[in-house]
Structure formats: structure tokens, C-alpha cells
Amino acid sequence: MADPNIKIQTDNLSVHYGTRHAVKNVTLGVRTNHVTALIGPSGCGKSTFLRALNRMNDLIENTRTEGTVMLDDTNIYAEDVDVVELRKRVGMIFQKSNPFPKSIFENVAYGLRINGISQKRLLDETVEHSLRQAALWEEVKDELHKSALALSGGQQQRLCIARALAVNPKVLLMDEPASALDPIATAKIEELIYELKQEYTIIIVTHNMQQAARVSDYTALFYLGELIELDETKRLFTSPSQKQTEDYITGRFG
Amino acid sequence: MARHFEQELESLKTTLIKMGSLSEDAIRLSIKSLLERDITLAEKVIQGDERINTLEIEIDNAIIDLLALQQPVAIDLRLILAAQKINNDLERIGDHAVNIAESAVALMKQGIKEPFFEIPEMGELAQHMLRDALDSFIHNDAKLGTSILKHDDEIDELNRKVVREFVERMKADLKSIESGMDLIRVSRNLERVADLSTNIAEEVIFIAQARVVKHHAGDESDSTIH
Ligand SMILES: Nc1ncnc2c1ncn2[C@@H]1O[C@H](COP(=O)(O)OP(=O)(O)O)[C@@H](O)[C@H]1O
Ligand SMILES: [Mg+2]
């Protein structure tokens, strides 16, 4: 049995794009129902690492992944893993919100429909619940059938979070979810992350160190594809154990 | 959506208020132990300081985390910086309570009944200043804070007077030197408590020192930036 406090454990995880070794032998444990932030200079492998956690790199040509990623007791790179099922359990939210050109309702119901769920009541309930969880319900409840594209950037991002939540994930991967948003919309997303960690394990990539400090419980610093340091956010930002971390968070390099 | 940062600020404030009430108790009991010649009470004050010291460190750590993780600005930043100083002031008030309690123990061991001169009055005044300083912090009341500042001169004056009186007494009666020194020490410590209470009041004034003008219709409602 895996440690129930650790939701995801990578062991010697490496990802290559052709000859480029983008993530190098990373061994890292992600704590259940906590927020872990990945920081580091652009190009250090944060997004690649994140995508490795629900096998999104499989969709990119010429990638090779080595090492293991355990989600609870399952090695997600094992032969018999159902990748579609995996991506439901480990949902992904991207930097650029990407709602479908459909109604708000249909965006959230999407994952359920492709799973063959069509009972109106179940759809209604799940859509409402997910929108509530994403702190969007109050703003859209009277216009569920309007196009999602009419929403503001911040609302669209929360809609994408609702869409991910609707298929009942355990882990949420977020790749710079607020980097395209204004400060108010960003603050809403940050508050939402804080709320969601009660029920979900969250890993967030952010180029914004202050954001990592504000929202996360644990922070991992990546540099040139390697994991430099992983620690409680409080400790990492008040007295990191690695010189490289100190230099990076104080703005002395990167 | 309420920011959870606000909850953290609220909880910092609550812990600091608790720290305030511990220091306030320590001062009150140390004075009581002296005036009522209660050695058990004095020892209780001396032992109780541990708790104040621990709480100071706890608050200090919480403040460091808030500064490092939340990047507070404006009113939030002023509150946190002020909290850090107030925390330190309160811890030192706790130390002065210990000093007073130690003097009380020493006096009781000497078994001599000396007059206290203005010490009871100083004790009242110092406690009053501390109470108002804490109240002004709790209620964000810079006006109350300002009203404390004027008492500082009074207590300085009382301290000088007490010292003169004891010096006269010691000159007249060499046997009173030891107890006289202890009582002068008590007087000085009370004067320091008043100083620290003044510092706390100044911090409260600093927190309120906004250039944002608040209209007193609602409590925190619409503000205009100048
Ligand atoms: N699809 C790709 N094909 C080839 N190289 C890539 C691809 N995506 C990322 N890389 C390279 O892998 C490294 C890590 O990139 P990435 O994971 O996006 O870093 P980060 O998210 O930290 O900015 C970079 O050198 C980048 O150029
Ligand atoms: Mg990236």
C-alpha cells in the first residue's frame, strides 16, 4: 500500500523530446489534498513534468518518458492503464482557458456526455455542483445556455475548472492558470485553489513566485530539468536549504 | 469571495490580543503580589513568563510567514509591521512584570515593611495606559491611542519623585538601602511599562495613518483616495 498522504509519487522521472532531456530523473512526492507549486525559470521543465503526471506528453510526437509515476497504487505508465480514465482522475487546466464554442451548460456537461451519461437530472445536478465548486454558479445560473465564449477571461477559466471537476477527478493539474488574467480574476482563482484543496490534490505551475507563495503548501523549484528543492512553502520562502533556491527566489538569477 | 489572507490577519490579531491579555495579567498580578506581600502570587508571575515568551515566538513566526508568503501592502502591511513591534513590546512588558515580581519576592524575604510612596499610583497609571493601548489596538481606535501619550510625562514625573523619596530615606536610614533599591527598581519597571504602552499606542496610530479618508457613514464603506 502506498502512503495515503502521498497522492502522486514520481521516481526517477525523465522526459525527452527527441534528443532534448527536458525533465531529468525527478523523484518527487505530491501530498494528498494539498497544493504543490512548481516554480523555476522558463524552460526548466515545469510544464513537461506536469504533463507527465497524466500522460499528456504521450500526445506530443517524439517524446520518451522513463521512470515511474505512481498515482496511489498504480503506475500510470503501466501497459494496462486506461489513459482516458487516467485523465479523468487527473484533470488538467491550462494557461489559456479553452472553453468549447458551446453553451456554459454543455461545456461542463461535456465530460459526462462522452461517458454516455444522458439523464437530465444527473446532468443538471452535476453541472450545478461543479459550477458551485468552481465559484461560478452565482454568476451564470440564469444564463446556462448562453455561449461560454461570452464569459470574461476569469469566468472562462473557472468554467474550465468546473468542466474538469464534473468528471470527478482526484488530482488537478494547473499550468499557469492565472497568467492571462487581471489581478482581480487572479485573486479569485487563487481563492478557488485554496478552497478546492479540501477535496482535491492540486499541482500548479506558475512563473509567478508570489503566487506560489500565496497559494501553495509545498513548493518545488526546478532548474534545467532537475528538481532542486521541494519543501513546505513556508520554509522554502523563509529559509530554503539550497543556495540555488535562495538565488532564484530573491531574483538573483533566472 | 473573502480572501483567506484576511482570515490569517484576523487570527494574527486574535493571537496578539491574547498576548496582550497575558502581559496585562502579568503586570496586574506582579503589582498585586508586591502590594499584598503575596509570595506565591509573585512566583506565579515569574513562572508565567515562559508562556508569554513562547507566544511571542509563535506570533513572530506567523508574521514572517505572512510577510514572505502574502506580500502584504497598504493597510495590511502597516498592520503586520505594527503587530511585530507590539508583539515585542508585550513580551518586554512581561519581562518587567517578572522584574517587579522578583523585587516583590526580595522585599518579602527582607521582611521589612517599607512605605511604597507613589508606587501604587504608578501601578494604577501604568495598568491604565496598557489597558487603553490594548483597547485602542483591538478597536482600531487611534483617538484612544493618542489619549495615552500624555500620561507618559505623568508617570516619568512620578518615577522621579519616588526615586527622590527613596534616596532621602536611604540617606536617613542605611538599613533601608536594600529595600529602597528594590522599590526604586519597581518604580523604574513601571515607568518602562508605561513607555512600552506608549509605543503600542503609537503603533495603533501608525496603522490608522492612512491617506485614505474614511466616511463614517458605514464602518469601512466607501473610501476616497487623495
Ligand atoms: N513540444 C516540445 N518539443 C520539443 N521541445 C519542447 C517541447 N515542449 C517543451 N520543450 C522543451 O523542453 C524544455 C522544457 O520546457 P517546458 O516544460 O515547457 O518548460 P517550462 O514549463 O518550465 O517553461 C524546454 O527546453 C523546451 O524548449
Ligand atoms: Mg510552462
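Order of the sequence lines fixes the chain letters, A, B, ..., with proteins taken first and strands second; residue numbering starts at 1 for each chain.
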Tell me whether the guanidinium CZ or amine NZ of A:R214 lies under 6.0 angstrom from the six-membered ring centre of A:Y194 and within 45° of its axis. no

Identify whether NZ of Lys or CZ of Arg in A:K243 sits under 6.0 Å from the centre of the six-membered ring of A:Y248 and within 45° of that ring's axis. no

Are the aromatic ring centres of A:Y110 and A:F100 under 6.0 angstrom apart?
-> yes

Could you walk me through whether B:E157 and B:R160 pass the salt bridge (Lys or Arg N to Asp or Glu O under 4.0 Å) check?
CA-CA 5 Å; B:E157 190 44 52; B:R160 275 193 290 272; 3.3 Å; yes

Turns out that what part of B:Q70 lies under 4.5 Å from chain A's heavy atoms comes down to both

message: Pair A:V30, A:T201 - check side chain to side chain contact (heavy atoms under 4.5 Å, CB included), show working.
response: CA-CA 8 Å; A:V30 178; A:T201 301; 3.6 Å; yes

Worksheet item: When the ring planes of A:F222 and A:F49 are compared, do they come out parallel, tilted or perpendicular, using 30° and 60° as the limits?
Response: tilted

Under a 4.5 Å heavy-atom criterion, the part of residues 90-105 of chain B in contact with chain A comprises none

